[in-house]
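Note that this is a predicted model, so its numbers are computed, not measured. All heavy atoms count here, side chains included; hydrogens, waters and symmetry mates do not.
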Amino acid sequence: MPDKWVDWNKTTRSRDYRGSSSFATFMIIGPTCFFLGILFAMFPYDFPLLWTKDPIPDTYLDQLEVHLKFLHQSPPLIARVLSIMVGVGFLGFFTKLFKASESNMLFDGASLVLYLIGVGVYVANIVKGLRMVSAGAWHRDDFDPTTVSARPGDPLTGGEVVLGREDSLKVMAASNTILALVLVGVLVLQAGQWYAERKDNEEFEKLEKMEKSGSSPSSPTAEKSSKKKQ
């Protein structure tokens, strides 16, 4: 990887290292937990669609549709808060990856990839599904629930295939589950960075104690230097 992206001389003990205890990490963990809380609040609605074999009554689908309409038609302030939280997460990633160390590229780079996947799932599936629900696409006179077909020239669907109401709501529920797993992956990687830094600090403290006690650890570099002296 080019040196302009990675500072190979930077370690976890460097002064300008932005690790798990930096404020940028909290800018990542905060929005991630915020979105996981929203998804957890949606889980009671998604559970009957994905995790049970019982037939789904139309009354439940009507109730879920009303709930999703209420979410999508909420005041603009709600959408702005969500956008701000997404932006805060990106700002945290870009801060940690500016003149990144090898640890930053490994953990924060992978976390950024998962975060981008989550944003893609949200925009491509969840937002589009909310627009369909809010517009009442399945209650149109020209919609036939027994067929699955594309609608060329339709500004709502963009000419894409329109599924039935139950199938579309299942896709949205599955998207929520995928998004939750992706966000949990971000938290796992950030926790992995904290654990790697902890082990690195323990090893460094061991080396310092051994140097103070007068015994030097055996390493390939030390062995080579001792052979040259002989």
Nearest atoms (heavy-atom pairs only) where [X] meets [Y]:
X	Y	result
Ile126	Ser175	CG1-CB, 3.9 Å
Leu114	Val182	O-CG1, 2.8 Å
Gln193	Ser103	NE2-OG, 3.8 Å
Gly192	Phe107	C-CE2, 3.6 Å
Thr95	Leu91	OG1-O, 2.7 Å
Val86	Tyr115	O-OH, 3.2 Å

- [ ] Sort out for me which residue in Met42, Met132, Gln73 forms a side chain to side chain contact (heavy atoms under 4.5 Å, CB included) with Leu68.
- [x] Met42
Task: Identified side chain to side chain contact (heavy atoms under 4.5 Å, CB included) partner of Leu39 from the options Thr177, Leu179, Asp46 - done: Leu179
Under a 3.5 Å distance rule, please check whether [X] uses its side chain to pair with a backbone N or O of [Y] as donor and acceptor.
X	Y	value
Ser134	Arg131	no
Asn104	Ser101	yes
Asn201	Glu197	yes

So [Y] and [X], do their side chains get closer than 4.5 Å, heavy atoms only?
X	Y	value
Leu189	Asp108	no
Lys96	Leu112	no
Met105	Leu97	yes

- [ ] Using a strict 4.0 Å threshold on nitrogen-to-oxygen distance, state whether Lys206 and Glu202 make a salt bridge.
- [x] no
Open item on the list: Any salt bridge linking Glu166 with Lys170? Criterion: basic side-chain nitrogen under 4.0 Å from a carboxylate oxygen.
Closed with: yes
Task: Residues Thr59, Asp62; criterion side-chain hydrogen bond (donor to acceptor under 3.5 Å, both in side chains); working and verdict - done: CA-CA 5 Å; Thr59 54; Asp62 294 336; over 6 Å; no
